[in-house]
Each structure stands twice: as structure tokens, then as C-alpha cells.
Asks: 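I'd like to ask some things about the structure below.
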Number of protein chains: 2
Amino acid sequence: MSRVGGQGGQGGTPVAPRAVDVARLAGVSQKTVSRVFNGERYVSEDVRRRVLEAAEELGYRMNSAARALASGRTRTIGVVALGTALYGPASLLIGIERAARDAGYALRVVNTLEGDPGGVAGAVESLLEQGVDGVVVSEPIDEGAVSLDVEVPVLVLGAPAVFAGPRAVVAGVGAESLARAATEHLLELGHMTVHHIAGPQRWFAARDRLAGWRAALSAHGREQPPVVEGDWSAASGHAAGRALAAAADDVTAVFAANDDMAIGLIRALTEAGLRVPDDVSVVGFDDIPVSAYVTPPLTTVRQPFDAVARDGLRLLVRAIEKPDAEPEPATDPPVELVVRASTAPPAGSRPHAGD
Amino acid sequence: MSRVGGQGGQGGTPVAPRAVDVARLAGVSQKTVSRVFNGERYVSEDVRRRVLEAAEELGYRMNSAARALASGRTRTIGVVALGTALYGPASLLIGIERAARDAGYALRVVNTLEGDPGGVAGAVESLLEQGVDGVVVSEPIDEGAVSLDVEVPVLVLGAPAVFAGPRAVVAGVGAESLARAATEHLLELGHMTVHHIAGPQRWFAARDRLAGWRAALSAHGREQPPVVEGDWSAASGHAAGRALAAAADDVTAVFAANDDMAIGLIRALTEAGLRVPDDVSVVGFDDIPVSAYVTPPLTTVRQPFDAVARDGLRLLVRAIEKPDAEPEPATDPPVELVVRASTAPPAGSRPHAGD
DNA sequence: CGCAGTCATGACAGCGCAGTCATACAGGCG
DNA sequence: CGCCTGTATGACTGCGCTGTCATGACTGCG
């Protein structure tokens, strides 16, 4: 008794049609069906059409498990993401999905729970078990040196060589130059120095921004005020702002490592009776959607998530499909500073409270 | 010549060890290795230990493609998401991932590009092709009646029965009751009526919120002012706020369908010389992270994304693993109104500008 | 006309697992 | 003691594809 194909039978559970069923209907061999569906050469137009028609009629869908087993390739890319709804990581994930799909790859996603030790390594391991041709580690947190000594290419977005591996490709989110641009914007407005509310230093992204800030100040020979560290949340920015307003009376410019903290900071400053930007200028980072509409509209730095994801994935796909090709370096994404109303020149004649 | 296992050989490409390799090393049959890795009954403690040790030594990882082919199950759930970094959808996706992993399922993600016709159906199709045991359609946009007539269970989060299918499970994000609570909060403060800035009506979530607003006003016998429709963005909230401030001088309370629009709205009101909450009270929806730190801190409604995701996935997994069980209804998630400083009783004696 | 080269197709094996069935032995019971 | 039930294991097969090789048919050219 042979199997009864999909839509044909009246009763019983319908059985998904296989390539042989299509082949039979089209009057060709199963292998030819495979050829058509893989877009291989050497299939006559006539046969191709017949196969596609037969497939359509039966509602045929290729079984990707069988394909993966036979070919050794899954056409799937695994992503290790952070499991946070923060605008940056979420946007990057979306960009990765789009780029992967455009490249003909499906996506598997595993989130690392923050604070989970060995999270990245474990996540990569589980992806390999699920079967992926390549892995993207998106904006990870520093967990000490992680060895990504795995057999597939790995793209690390937004983290340096801490992630070592034989087939690692690192593409930058390039936050350092962006942070530098933000800081320089404030210096160019005439501020003597710029304070910094940093992100949590376990995040590479936070360190990059800190480094960019330092670099800008160094380059201009300015002193580096003590850094306050937040946790990306508006709440932490608020707390940092309170501390800043209380401790130092000479703060005229602050660069916050993300927009949420900048917004919290502005609120704290406002509560302390300081006006933004009249008394204190504030720059954020990310250009989250609300930034243009908070009070005052926030000057911030826009990250080209889409370009980063696309560029990184291009490299990854190349590494997957042409393992022997040179590991071409990533192109640096463009810097974009969005100047709004939260920054202004310092009030030169403003009397110092403490003098 | 037989294959040389993984870490053993010095030269050449290492070949991933298979179950037979583990079996050989442990002195058992391949089938027994399979039993151990699937946690089946009837394996002696001694054998189990030996197999695990052998697997460890070889660095064995099961091949999930082979497993899927042989068993017909992929242990993977596919998610159709919207491809937006909006807080709601992103949070829901994270909740889904966690819940799926806890249930022992991996995740495949496909984003629908907004405005892509037939996006959901196409996305589901591509997931089926990739091989999934179940599908989650997360907060979709109305594309007309979509028939999810597929062979696997489908969980639709946050959309009504427009998505029909033989094995569909619908779990609510229950935005209607939340929207109703938000509106009633304003009425209880003493406002005569409440204006509404709606989300794009192609979104079910936006319609639910609109319906909740209407229900609250009807229940209290209040008139329903005309609705302004935004697109979730702060920019659209800003535009709506401008229109509102210009057109009507009797606006004392506004319920915005999400926090971003509420923030844009507040900015527009501020620019028009109206104070929040003194002149106008504003309620948002979502409780995005910055909401507590904008000026003024936003009264809003928190959605229990995690609970919704977890509950929905429980139903989906049940439908996958026990196809014959009753399709238990979803439990309604709890309502949580977060009252901050953007709402207050109306200024009773405030002189009307136009009188 | 005969032979090489290209194009088009099919036969067959095997990817690495899980399902099915057979087998073997232990203990309980009438 | 034979029989049955429960436990523990292995042999064999097949899931639905792709890779490899074989086989024709057709083309161009000396």
C-alpha cells in the first residue's frame, strides 16, 4: 500500500507530499524535482514548468530537515541576542533578520539571560546543536574571554577580539567614533569639558562610548571629570543626574551613553532647577523614536543598525559560502549626529553658585 | 576506510562524531545512545553513564536535522513578528523566546515587512517550509481574513478570529480592558470626557484600545469626541496634539494608544502653552522604560507581555504535544494601571478661552 | 561520418537519527 | 516448573532529500 498524497484523499490525516509524488505527477524523476527546486542548471524549460505545476497542484513543500541531512547545510543562521527590548539590540536584531532573509537564510534566535554565566558559550552551543551554518553574536556583554572555537563562521557584532575563534569575523558597531563625535560637538559649542554618564561597563558598547568620550577630551587637552555609571535605564540616568547636580556646580555639558539615560538625566536636572540647554547641554546616544519629542528634543547620535547588520551579514555569508576567501574587513558605518534642542553654547556669564 | 572522529585526528578537517561513534566507544548500540539522549525509559544507570562519558569525550552533539527527519518533529516553534523595534512587539518576542526555550523548543523567526501584502501568510508558509512544530503569530496587522489552514497548531497573539485555521489557538493581549481602565481612570478624576489618539487601525492592538476607550465612555454615558489616528510614533502624537490644541479648547483629558504618541502629544501641548497635567491630563499605553522620566512622568498602562507570552506558549505546546486535548482557553492577563504625574483632576474653574 | 563536448535526465546510495520489532533475562505467581 | 510481565538492549529499516556517477540526445567540427 503506497502513501496517499496531500489533498487527494477524503478521510484520514493528510500526508505531506514528497518530491517523488511531484515527480510522478510531472512524469520525471525525483532527482529532477530536486534540481528544479534548487535552481540547478541543466533543466529544460518544459520540465521545469511541469514540475512547478505538479508541485503547485499537490501543495508540495520541501522538507528542509531532509535537505539539511543530505546536504550538510541548513541554510540557517543562528543569532545570540541579549533578550532585552532596548532599542539598540532590538533594532540590530531586526536588521539581522532582514539581511539574513535577503541572503536566503532563515534565522534561529537564542537569547542570553543577563547575568547568566557562560551565557554566550551556552547559547552558541545550543545553536550548533539545532544546526546552523553560521552564528551571529549580537552586542554581547563581557563574560571574560570566550572561546568560540566552533566549526562554523561566527560574526561578532559590536565586540572586540575577546571572542576568539578560528572562523570569527568581527564587524563593528563603531560606537567609539560616534561617541567621539558627540563629545566633540559639545566641545565645539564652547564647553570647557564634558561629563559622561556611562553605560554598564560589562557591555562592550558602553566601553566603546566611554573610550570615544575619553579620546575626544584627550584630543582637545581637556580634563576628564569622573564618570558616573548607569545601567542604560532612564532611572539610572535620573540618579546620575541627581548626583551630578548635587556634587558639581560646574557641569555645563553631559554626554549620556544612551537616550534613556539622557532623558532621565534631563529630568533630574530639571528637578534640580537647571535648564536644558541653557544651563546644561545634554547629548544622548541611539536616537530612539521619542528622542525628538521629549522636552527639550534631544541631541543624539544615530547608529546605522541596518547598515551594520547588512554589512556584517554579508561578511558572514561570504565566510559560510566561500570558506577559503580572504576575511574581508568590515566597512566602517557612517557617523550621524542628530542635533536638536538639548545642546547649546554654555552660558558664558553665568555666575558660579559656589564662588 | 572508516571515518575518523572529531577531536582525534591531527590533520584534515575534523568530522563531527555521530551517535554510532559514541556507541562504539561506550560499547553499546547506536539505538541505546539515542535512548540516552532522548531520556527514554529502560536504560540502566550504568549504560547511561558510560554513554554520556563517551559522548563527552568525543564532543558529540546530536544532529537535529537527522532527528527531525526520522521523527517528524523539529522541536522548533516559528514566530511571525512585525519587524519593528517598538517596545510592545519586541518585549513580546523576548517573552516568547524565553517561554519556548523553557518548554524545550527552539525558535525560528520571520519578520513581516510592514505593507507587504500577504505578509503573514507568506511568513507562515516559509516557516512551515523551514520545519516547525507550531507557529506563533505575534500581534499582526489586519490584512483581511487570513486563512491559516496549516497542519500545525497556530497561536495568534493579540488578534481576534480573523485568523482562522483548524488548529488555531488565540490568546489575548487583552488590550481592550486595559484601554478601558485607562479611560476610566481619567473619568474618575472628574473629566467630562476623554479624547483619544488612536494607533493605526490596521493594527488589531490599536482597534482594541479604541474599543476599550469607546466602551468606557459609553458605560459612563459620555460623548465620544472625534478620534485622531496616529502611527504609533511620537511624531504622529505630536501632530495629533497640535491638531487637538488648535481645534478644540475643551480638551482636558487625552488617552493615547501608546506612550510614544503620548510623549509627542505632551510636547505639542506644551508648545501650545498648555500645561500637563494642570490643563490637560494624558494617559499613555505600554509603560515604555522612559515613561517614568519624561516631563511630566507619564501615567500609563503596563502590559504583562511576559505573562501573555508564557500563557500563550503553554497553550501552543499543549496543542502540539497533545493534539486531541481540549483547546483550553487563555487566561486573561492582569490589568495594571501605572499612575504618575501626567494625570490630575480637571481644573474646574479654568476659564474657557473661547467663551 | 565519427568523435568530443555540452546539455538533460535518471538510478542509486547514504546522510544520522528514531521507530518497530525481536530478543534476553529477571522476578513473581499459580 | 512453566508462564507471564516488566526491564534492558540490539538489529534493521526508512525518513526525504542531495551527491555522484552513468546514460542518452544533441551539437559542432574536422
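Chain identifiers are assigned alphabetically (A, B, ...) following the order of the sequence lines, protein sequences preceding nucleic acid strands; residue numbering begins at 1 within each chain.
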Asks: Could you tell me whether the phosphate oxygens of C:dG16, OP1 or OP2, come under 4.0 Å of any side-chain nitrogen or oxygen in B:R18?
Replies: yes
Asks: Side chains of A:V33 and A:V28: closer than 4.5 Å at any heavy-atom pair?
Replies: yes
Asks: Kindly state which residues belonging to residues 37-46 of chain B come within less than 4.0 angstrom of DNA chain D, counting heavy atoms of the residue only, listed by number.
Replies: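 Within this stretch, B:R41, B:Y42, B:V43, B:S44 sit under 4.0 Å of the strand.
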Asks: When the nearest nucleotide of DNA chain D is assigned to B:S71 and to B:R48 on a heavy-atom basis, which residue is associated with the more 5' position?
Replies: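 Whichever sits nearer the 5' end wins; that is B:R48.
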Asks: Give B:V33 one of three labels, base, sugar-phosphate or nothing, depending on what nucleic acid heavy atoms sit under 4.0 Å from its own.
Replies: nothing
Asks: Please report, rounded to the nearest Å, how far the P atom of C:dC17 is from the CD atom of B:Q30.
Replies: 7 Å
Asks: Can you see which heavy atom on B:L313 is nearest to which on B:A99, and at what distance?
Replies: CD2-C, 3.7 Å
Asks: What pair of heavy atoms forms the shortest contact from B:Y60 to B:P17, and how long is it?
Replies: CD1-O, 3.3 Å
Asks: For the residue pair B:R75 and B:D133, what are the closest heavy atoms and their distance?
Replies: N-OD2, 2.7 Å
Asks: Under 4.0 Å, heavy atoms only, any strand: does B:V28 hit a base, just the sugar-phosphate, or nothing?
Replies: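 It contacts sugar-phosphate atoms only.
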Asks: Using a 3.5 Å distance criterion without hydrogens, assess whether the side chain of B:R101 forms a donor-acceptor pair with backbone atoms of A:N111.
Replies: yes
Asks: Can you confirm whether B:V150 sits close enough to B:V124 that some side-chain heavy atom of one is under 4.5 Å from a side-chain heavy atom of the other?
Replies: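 Sidechains of B:V124 and B:V150: in contact.
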Asks: N/O contacts under 3.5 Å, protein versus nucleotides 22-27 of chain D?
Replies:
none

Asks: In dot-bracket notation, what is the pairing pattern of DNA chain D, taking Watson-Crick (N1-N3 plus N6-O4 or O6-N4) and G-U wobble (N1-O2 and O6-N3) contacts under 3.5 Å, with [ ] crossing and | for other strands?
Replies: ||||||||||||||||||||||||||||||
Asks: Check every atom of D:dC17, C:dA11, C:dC17 against the side chain of A:A70 and return the nucleotide holding the closest atom.
Replies: D:dC17
Asks: Taking the side chain of B:Y60 as its heavy atoms from C-beta onward, which of D:dC17, C:dC17, C:dA18 lies nearest to it?
Replies: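 Selected nucleotide: C:dC17.
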Asks: In plain terms, say whether B:R49 and B:E45 are close enough for a salt bridge, that is, a side-chain N and a carboxylate O under 4.0 Å apart.
Replies: no
Asks: Below 4.0 angstrom from OP1 or OP2 of D:dT9, is there any side-chain N or O of B:T32?
Replies: no
Asks: Can you name the closest pair of heavy atoms from A:R35 and A:R41 and give their distance?
Replies: CD-O, 4.5 Å
Asks: Is the shortest heavy-atom distance from the side chain of B:Q130 to the side chain of A:T76 under 4.5 Å?
Replies: no
Asks: Can A:R98 and A:D102 be counted as an ion pair, charged N to O under 4.0 angstrom?
Replies: no
Asks: I need the CZ-P distance between A:R24 and D:dC17, as an integer number of Å.
Replies: 12 Å
Asks: Think A:S29 has a side-chain N or O under 4.0 angstrom from the OP1 or OP2 of C:dG10?
Replies: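 It does, given that an N or O in the side chain of A:S29 lies less than 4.0 Å from OP1 or OP2 of C:dG10.
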Asks: Would you call B:R61 and A:E151 a salt bridge, using N to O less than 4.0 angstrom?
Replies: yes
Asks: Whole angstrom is fine here: how far is it from CG in B:L69 over to P in C:dG16?
Replies: 12 Å
Asks: May I have the distance from A:R61 (atom CZ) to D:dC17 (atom P), rounded to whole angstrom?
Replies: 12 Å
